[in-house]
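Okay, structure first, notes after.
Labels below follow one simple rule: chain letters A, B, ... track the order of the sequence lines, proteins then strands, and each chain is numbered from 1.
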There are 2 protein chains.
Amino acid sequence: MHSTQKPRPTPPSRRRVTAAMVAERAGVSTATVSLVANGKASGRVSATNEAKVREAIRALGYVVDGIGSSLARGVSNTVIMVAPDISNPFFATVIAGVRSALGSKYQLLLSVTDAGQLPSADDTRRLLGLRPAGLLVDAPELSFLEELSAPGPLVLLDAPGFGPEVPAVNLDVAHGARLVAGHLAAAGHKKVAYLDGTTGTTTFELRRTAFLDAAAELGMEIPDGAMASTTINVGVAADAFAEAWPGWKAAGVTAVVCATDTHAYGILQEARAAGISIPGELAVTGFDDLPYSRTSSPSLTSVNLPGELLGRRAAEQLLRLIDGEELETQQVTLESTLMVRGSTFEA
Amino acid sequence: MHSTQKPRPTPPSRRRVTAAMVAERAGVSTATVSLVANGKASGRVSATNEAKVREAIRALGYVVDGIGSSLARGVSNTVIMVAPDISNPFFATVIAGVRSALGSKYQLLLSVTDAGQLPSADDTRRLLGLRPAGLLVDAPELSFLEELSAPGPLVLLDAPGFGPEVPAVNLDVAHGARLVAGHLAAAGHKKVAYLDGTTGTTTFELRRTAFLDAAAELGMEIPDGAMASTTINVGVAADAFAEAWPGWKAAGVTAVVCATDTHAYGILQEARAAGISIPGELAVTGFDDLPYSRTSSPSLTSVNLPGELLGRRAAEQLLRLIDGEELETQQVTLESTLMVRGSTFEA
DNA sequence: CTGAAAGCGCTTACAG
DNA sequence: CTGAAAGCGCTTACAG
């Protein structure tokens with residue numbers, strides 16, 4: 001092979017050590033190398049040969065080629081997680097849970113969508129070409145499953161609204177929203193405002209509708225104009241609140257329920273700047289219970305979502321699917337709890 | 001092949017559509033299918049055949065198998081980014097930059113390290129088995145390169161302290177630290193404290209030493225005991241500050257320089273709770289200029305680091321490397337700027 | 001313009 | 001316990 005072409009990408013400086021090279025050095029076949037390299041040697045390879053192969057592997061720095069291996073076995077040892085929103089601090093805890101459940105057998109790879117985009121079937125199809133052992137999809141589009149056929153082992157996270165036949169681990173955000181409503185009603189609030197997120201995530205819809213339903217049942221009113229929505233950004237939320245507050249106040253609003261803690265931080269911030277007393281004049285609640293909510297001042301009443309557990313459970317389910325087991329329960333729903341703090345409750 | 005074994009993982013329900021199936025349906029060879037499927041048809045495949053193949057691809061829902069393709073070509077169309085700290089909001093902007101530069105030719109996959117761990121050569125070696133077209137490594141361990149031999153196209157991000165021969169895009173954090181020192185000295189501060197991060201990231205070391213050197217030059221003093229360090233967590237930083245402040249105050253400290261904005265948020269929070277006037281009694285500076293710093297109250301003086309640009313430049317360099325081009329400059333350093341705000345400057 | 005064929009690196013029945 | 005060989009799905013010279 002003459003290499004006389006001008007543009008020669010990727011100079012072959014990086015010589016790949018193959019199983020064949022190891023086999024030659026050890027004086028065995030590549031089959032034996034494969035067995036040893038994959039830890040399947042016991043009872044199938046003589047101690048002498050195993051030692052020889054190990055020596056050769058070490059000397060040559062051999063690492064099993066994932067591509068060749070994946071092609072031969074039909075799947076890779078990769079688990080791919082598709083997620084929309086890595087900038088959400090909550091997400092880091094989910095990842096930690098996934099990693100802890102996955103252990104070292106599978107390599108976790110993250111694929112993030114563009115800002116504001118939910119994971120689509122299209123994204124995922126491309127990823128399927130990498131033959132992941134399994135797929136974890138966080139907060140997918142509603143049309144996700146219709147479009148994606150025969151996807152192999154797959155577990156959805158935070159995907160309310162999907163049929164019971166698809167393996168999913170969900171957070172009981174509706175319950176959390178009801179807890180918020182109950183808490184505010186018990187504290188005597190009659191008129192409340194709602195600050196929503198603008199991404200079309202289903203979880204936001206659930207939070208909102210569950211809260212509104214419960215509020216209505218409990219005799220709380222959302223006055224006209226007392227619903228707003230912004231992106232998940234402290235500053236933007238603060239501005240929106242600054243603009244809305246005079247009207248809300250005039251309408252008798254005494255509490256604002258936020259779709260995320262981040263929205264609530266914006267309100268807290270603006271309230272401080274504008275001298276609005278919290279919770280005296282206005283109670284504020286969040287959702288997600290981010291770490292900062294425990295320590296902000298005032299600390300933020302928020303719905304705690306078990307992120308680490310969400311990730312762990314999802315990965316555990318996926319592992320079962322990969323092993324060809326039946327799932328006892330296709331759908332797992334994790335409890336959310338209300339953390340009552342200073343933003344709604346005068347100590 | 002009899003499939004009489006009991007445990008049969010991954011039921012073959014998911015029938016893979018192969019190029020051979022497409023070829024058969026279209027009445028052509030797999031070579032032709034490959035050309036069409038990869039957009040290399042023009043001038044090499046007749047219009048008739050191309051149309052037939054396209055029809056078959058659509059009808060069958062064929063997607064090129066990434067594994068087979070990668071094995072045949074030697075590399076995948078994947079770019080893998082290894083990063084330590086996705087919970088840092090700054091990271092999301094870096095990713096956005098990487099994605100925008102990468103476009104659709106390469107699929108970006110993220111591999112995150114365990115909490116508190118920097119990317120190691122070991123992590124990366126496993127990833128190499130996936131034959132990425134290129135590798136982006138954010139904030140690697142110092143020993144990273146010694147341990148990793150012949151890694152193929154590789155660009156480091158935020159990796160100060162590596163030799164000039166390794167392609168890297170860095171942030172000029174030292175310059176930023178000097179700006180902070182200059183700003184505080186100009187405002188008349190004589191005694192300052194430093195609140196550092198505890199992860200051993202080189203960037204923290206750089207921030208600290210650059211600041212300390214500049215401070216000394218400018219005649220500012222760091223009193224005994226006026227250096228502390230905590231994890232990157234608002235609450236923890238707040239507690240540490242609460243404990244340290246009496247001593248610092250007694251020593252005459254009038255400004256605290258923080259290694260990250262998150263640390264500074266902790267101080268802001270504790271100061272509010274403790275009634276310490278900022279910036280009247282104490283000036284506070286951060287680092288990273290997170291979005292919230294513009295809108296906190298008081299807003300936070302901070303060193304702005306161009307995260308999106310960092311990601312973009314790194315990806316652009318990597319693309320050149322992948323294409324076999326020489327890099328004009330192995331090392332790119334991006335400017336940091338000081339954003340002076342309310343936490344150091346009375347309006 | 002086209003297809004037969006080799007080859008990428010590995011794994012896994014299979015025969016010994 | 002061991003190795004020769006087939007095969008995973010694709011791409012790419014090569015010959016026509």
Side-chain angles (χ1 to χ4, degrees), chain A residues 1-5 8-10 12 14-24 26-53 57 60 62-77 128-131, chain B residues 1-5 8-10 12 14-24 26-53 57 60 62-77 128-131:
Chain A
M1 197 224 273
H2 295 272
S3 34
T4 21
Q5 303 102 39
R8 161 107 91 39
T10 343
R14 162 204 199 172
R15 230 187 275 126
R16 195 173 288 284
V17 178
T18 68
M21 295 163 66
V22 175
E24 166 154 35
V28 299
S29 71
T30 59
T32 302
V33 172
S34 175
L35 258 13
V36 174
N38 289 297
K40 299 178 180 171
S42 91
R44 309 218 253 157
V45 176
S46 67
T48 339
N49 273 350
E50 183 170 350
K52 280 193 218 158
V53 172
I57 286 178
L60 265 29
Y62 173 69
V63 177
V64 176
D65 182 78
I67 297 292
S69 170
S70 299
L71 186 56
R73 292 186 322 186
V75 289
S76 72
N77 66 341
L128 250 23
L130 299 171
R131 304 234 199 147
Chain B
M1 196 223 273
H2 297 270
S3 31
T4 21
Q5 302 101 41
R8 159 109 90 41
T10 343
R14 163 202 197 172
R15 227 186 276 126
R16 194 175 288 284
V17 178
T18 69
M21 294 163 66
V22 175
E24 166 152 36
V28 300
S29 71
T30 59
T32 303
V33 172
S34 176
L35 257 13
V36 174
N38 288 297
K40 298 178 181 172
S42 92
R44 308 218 254 158
V45 176
S46 68
T48 339
N49 273 349
E50 182 169 352
K52 281 193 217 156
V53 172
I57 286 178
L60 266 27
Y62 173 68
V63 177
V64 176
D65 182 79
I67 297 291
S69 170
S70 300
L71 186 56
R73 292 185 325 185
V75 288
S76 73
N77 66 341
L128 252 22
L130 300 171
R131 305 234 200 148

- Message: Ignoring hydrogens, what is the shortest heavy-atom contact between B:Val17 and B:Tyr62? Give both atom names and the distance.
- Response: O-CD1, 3.3 Å

- For the student: nearest non-hydrogen atoms of B:Leu130 and A:Ile67, plus distance: O-CD1, 3.6 Å

Look at the side chain of [X] and the backbone N and O of [Y], then say whether any donor-acceptor pair between them is shorter than 3.5 Å.
X        : Y       : value
A:Arg131 : A:Gly74 : yes
B:Thr18  : B:Met21 : yes
A:Thr30  : A:Ala20 : no

- Task: Going 5' to 3' through nucleotides 4-16 of chain D, assign each nucleotide B (protein heavy atom under 4.0 Å from a base atom), S (under 4.0 Å only from sugar-phosphate atoms) or - (no protein heavy atom that close).
- Result: B--BBBBBB----

- Query: Side chains of B:Val53 and B:Thr32: closer than 4.5 Å at any heavy-atom pair?
  - Reply: yes

- Query: What stems, by residue range, does DNA chain D take part in, given at least 3 consecutive Watson-Crick or G-U pairs under 3.5 Å?
  - Reply: C:1-3 with D:14-16, C:5-12 with D:5-12, C:14-16 with D:1-3

- Message: Between D:dT12 and D:dG16, how far apart are the two C1' atoms, rounded to whole Å?
- Response: 16 Å

- Message: Tell me whether the count of non-hydrogen atoms from other residues, nucleotides or ligands lying under 6.0 Å of CD in A:Glu24 goes above 12.
- Response: no

- Query: Looking at CG of B:Leu35 and CD of B:Glu50, how far apart are the two atoms once the value is rounded to the nearest 0.5 Å?
  - Reply: 9.5 Å

